[in-house]
Student: 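Here it is: the structure, laid out below.
Sequence positions, counted from 1, serve as the residue numbers for this chain. Computed over heavy atoms, backbone and side chain alike; hydrogens, waters and symmetry mates excluded.
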Amino acid sequence: MAGLEAVRTGSAELVRMASGLALAHDGASAEQILRAAILRHFQGRIALVSSFGAESAVLLALVAEVDRATPVVFIDTGKLFGETLRYRDALVARLGLTDVRSIEPDAGAAAKADPDGALWLHDPDACCALRKVAPLDRALAGFDAWITGRKRFQASSRAGLQAFESDGRHIKVNPLADWTPGDVARFIRERGLPAHPLVSDGYLSIGCMPCTSRVADGEDPRAGRWRGRGKIECGIHLAPAARRAPEREEETVMTLFRGGAFVRDVWMRLADDAQVPSDGAILLSHGRWSEEAENLRARVGPVAVEIDGGAPLDAILPHLAHFDMIAVRFPKFSDGRGYSTIRLLRDRHGFRGEIRATGDILLDQIPFLRRVGATAFEIAHEPTRAALARGHLPEV
C-alpha cells in the first residue's frame, strides 16, 4: 500500500505502513532507501525538508543523485544566520537542485504572536511553533511523505530512530538513521562537499541564531541548541497531537515558569503504573527509570527523571546522558539540600539539560535557584504564581 490513498487511511494504518517499509528495507543503504521512496513508494508525492545546516549537504547530495527535481522545503524563520542563507544558495547551485521552496512564517500570525520579535526569549516552544512548525505543516499539506536527515547519534532522544516512521499525517523517511559521524565526514570528504561556514567555529548543529551556541568537545552535537532551556527539538519531529496548543489560552492555567514567563509544559508526568507512550517527552520517577531503563532508552522521545533534593546522585550519574531534563523536588520548609543537588549536577557533573525545581517553590527561592543552575520552576504556590504573573521577581 502506497501513495495518497494509503496515507489518508488514518494514523494507525500509517504506523503499520511505516513498520512494513522499515522491515522491507532493513539493512538497505541510504541510496537504496532514497531511490525506493522517491522513485517507487511515493513518486511525485515526497519532499525533502532541509535546514541547510551543519550536515545537510550529505542528504541534499544523495537526493540530487536520485532526482534533482525532488522538492526541497526550507523554512526561513526570519531568525537564521546569514551564513545559513548564503550556504543554502551555494549548495543549491553546486548540486543543481531545481525545486527548492523557501517557506516563511505567516506574516499576520507573526505580527500578532511576536510583534517585537522576542518570543524566542521567553517562550521558545511558541516561537518554534510559529516560525517552524506551522509553516512546515502548510508546506507539507500536498505530500504523502517527507525526508529528514536525522541520525541516531545526534541525541539520546533519537537513539531508536528507524528508516521509516509515521508522524500521524505522513510517512517520514530517515535514510541516514544509522550513519555515524565517521560516515558523514567520509561522504563529505569523498564528494568534496562544502561545509557550513559556522562548523569550523564550533557550531555542530545550526538552527536559528538566537537559540544556537557553540558545542564544547565531548558534548552532544545538539547541546548548543536552546542551551540551558531543557529543549532539544523544535517541534517538527513531534507527533501533531504532542505539539497541539490549546484552542484558547485561558483554558490552561500554566504553572511552569521559564525564561521570565509562564510557558506551556510539553513534558508528560507519568505515574509509576501508567503506560509509557511510544513518543513525546515524559517525566518519570527515578525509581521507575531504574526498573525500566533498558526499555526506556530504546523509545523515541525525550526522557526526564524526578529526584528528591539531597538524594544521593550515585544512582543517576551513569545515566545522565540519557536525560534531557532532571526535576529536583523541594519539600516544604526545605533545608537547602536541593540547592546543593542542583549545583552538583551543573558544576561537578556537567549536566547541560534543563534542571527544573518542583514541589514547594516560593517566590524568594527562585533567584537563588537560578544562581545554582535551575532553569525552570513548577509553581504550585498561588501567591508566588500571581506575583510572577505581575512581573515581580526579587533580586539576589
Student: Rounded to the nearest 0.5 Å, how far does CD of E378 lie from CG of L283?
Tutor: 7.0 Å
Student: Does G224 offer a backbone N or O that forms a donor-acceptor pair with the side chain of S213 under 3.5 Å?
Tutor: yes
Student: Of all heavy-atom pairs between A47 and L140, which one has the smallest distance, and what is that distance?
Tutor: CB-CD2, 4.5 Å
Student: State which residues pass salt bridge (Lys or Arg N to Asp or Glu O under 4.0 Å) with R343; sequence neighbours excluded, sorted by chain then number.
Tutor: D347
Student: Applying the 4.5 Å side-chain criterion to the ILVMFWY set and letting contacts propagate, would W289 and L317 be lumped into a single cluster?
Tutor: yes
Student: My understanding is that only residues two or more places apart in sequence, or in another chain, count here; which of them pass salt bridge (Lys or Arg N to Asp or Glu O under 4.0 Å) with D178?
Tutor: none
Student: Give me the other members of the hydrophobic cluster that L130 sits in, counting Ile, Leu, Val, Met, Phe, Trp and Tyr linked by side-chain heavy atoms under 4.5 Å, directly or via other members.
Tutor: L119
Student: For L193 versus A57, what's the shortest heavy-atom pair and its separation?
Tutor: CD1-O, 3.7 Å
Student: Under the side-chain hydrogen bond (donor to acceptor under 3.5 Å, both in side chains) rule, collect the residues that match up with D217, sequence neighbours excluded.
Tutor: none
Student: Report the C-alpha separation of E382 and R385 in whole Å, then their side-chain angles, then the decisive distance to 0.1 Å, and conclude whether the salt bridge (Lys or Arg N to Asp or Glu O under 4.0 Å) test is met.
Tutor: CA-CA 5 Å; E382 185 55 36; R385 208 186 82 82; 3.7 Å; yes
Student: Once rounded to the nearest 0.5 Å, what's the spacing between atom CD of E55 and atom CD1 of I188?
Tutor: 6.5 Å
Student: Atom CG of L296 and atom CD of E291: how far apart are they, to the nearest 0.5 Å?
Tutor: 10.5 Å
Student: Per the side-chain hydrogen bond (donor to acceptor under 3.5 Å, both in side chains) rule, which among H286, R269, R356 passes with E306?
Tutor: R269
Student: Identify, with sequence neighbours excluded, every residue that meets ring pair (Phe, Tyr, Trp, His ring centres under 6.0 Å) alongside W179.
Tutor: F187
Student: Kindly say whether L362 contributes a backbone atom to a donor-acceptor pair with the side chain of T384 at under 3.5 angstrom?
Tutor: no
Student: What side chain to side chain donor-acceptor pair (under 3.5 Å) pairs are there with at least one residue in residues 183-195, not counting sequence neighbours?
Tutor: E65-R191, T180-D183, D183-R186
Student: Which pair of heavy atoms, one from Q43 and one from L39, lies closest together, and at what distance?
Tutor: OE1-O, 3.5 Å
Student: Quick one: list whatever passes ring pair (Phe, Tyr, Trp, His ring centres under 6.0 Å) with Y203, sequence neighbours left out.
Tutor: F81
Student: So, taking the atom named CG in L204 and the one named CZ in R214, what distance separates them when rounded to the nearest 0.5 Å?
Tutor: 11.0 Å
Student: Which donor-acceptor pairs under 3.5 Å do the side chains of residues 82-93 make with protein atoms, sequence neighbours left out?
Tutor:
residue, atom, partner, partner atom, Å
T84, OG1, H196, NE2, 2.9
Y87, OH, P194, O, 2.7
R88, NH1, S102, OG, 3.1

Student: Same cluster or not: L59 versus F74, using hydrophobic residues (I, L, V, M, F, W, Y) connected whenever any side-chain heavy atoms lie under 4.5 Å apart?
Tutor: yes
Student: For G373 and I355, work out which heavy atoms get closest and say how close.
Tutor: O-CB, 4.1 Å
Student: Are any side-chain N or O atoms of K151 and backbone N or O atoms of G149, one a donor and one an acceptor, separated by less than 3.5 Å?
Tutor: yes
Student: By ring pair (Phe, Tyr, Trp, His ring centres under 6.0 Å), which residues pair with F351, not counting sequence neighbours?
Tutor: none
Student: To the closest 0.5 Å, what do you measure between CZ (F143) and CD1 (I46)?
Tutor: 9.5 Å
Student: Is any side-chain heavy atom of T212 closer than 4.5 Å to one of R225?
Tutor: yes
Student: Go through the steps to decide whether R346 and V372 satisfy the test side chain to side chain contact (heavy atoms under 4.5 Å, CB included), and finish with yes or no.
Tutor: CA-CA 8 Å; R346 281 284 188 234; V372 297; over 6 Å; no
Student: Go through the steps for F368 and Y339 under the test ring pair (Phe, Tyr, Trp, His ring centres under 6.0 Å), then give the verdict.
Tutor: CA-CA 8 Å; F368 295 97; Y339 297 92; 7.1 Å; no
Student: I'd like to know if the side chain of N174 and the backbone of A177 have a donor-acceptor N/O pair within less than 3.5 Å.
Tutor: no
Student: Report yes or no: does D76 contribute a side-chain atom to a donor-acceptor pair with the main-chain N or O of I103 at less than 3.5 Å?
Tutor: no
Student: Using a 4.5 Å cut-off on heavy atoms from C-beta on, say whether the side chain of R288 contacts that of I282.
Tutor: no
Student: According to a 4.5 Å side-chain heavy-atom criterion applied to Ile, Leu, Val, Met, Phe, Trp and Tyr, with indirect links allowed, do I171 and V66 form part of one hydrophobic cluster?
Tutor: yes
Student: What is the minimum heavy-atom distance between P175 and A30, and which atoms define it?
Tutor: O-CB, 3.4 Å
Student: What are the two closest heavy atoms between W267 and V303, and how far apart are they?
Tutor: CZ3-C, 3.7 Å
Student: Taking side-chain hydrogen bond (donor to acceptor under 3.5 Å, both in side chains) as the definition, give me every residue that meets it alongside E104, ordered by chain and number, with sequence neighbours left out.
Tutor: none
Student: Please step through side chain to side chain contact (heavy atoms under 4.5 Å, CB included) for the pair V73 and L48, ending with a clear verdict.
Tutor: CA-CA 6 Å; V73 175; L48 163 63; over 6 Å; no
Student: Distance check, rounded to the nearest 0.5 Å: R138 atom CZ versus I75 atom CD1?
Tutor: 8.0 Å
Student: Identify, with sequence neighbours excluded, every residue that meets salt bridge (Lys or Arg N to Asp or Glu O under 4.0 Å) alongside D273.
Tutor: none
Student: Not counting sequence neighbours, which residues clear side-chain hydrogen bond (donor to acceptor under 3.5 Å, both in side chains) with D114? List them please.
Tutor: R131
Student: Is there a continuous path of hydrophobic side-chain contacts, each under 4.5 Å between heavy atoms, that joins I206 to L60?
Tutor: no
Student: Donor-acceptor check, side chain of R45 to backbone of G142, threshold 3.5 angstrom: yes or no?
Tutor: yes
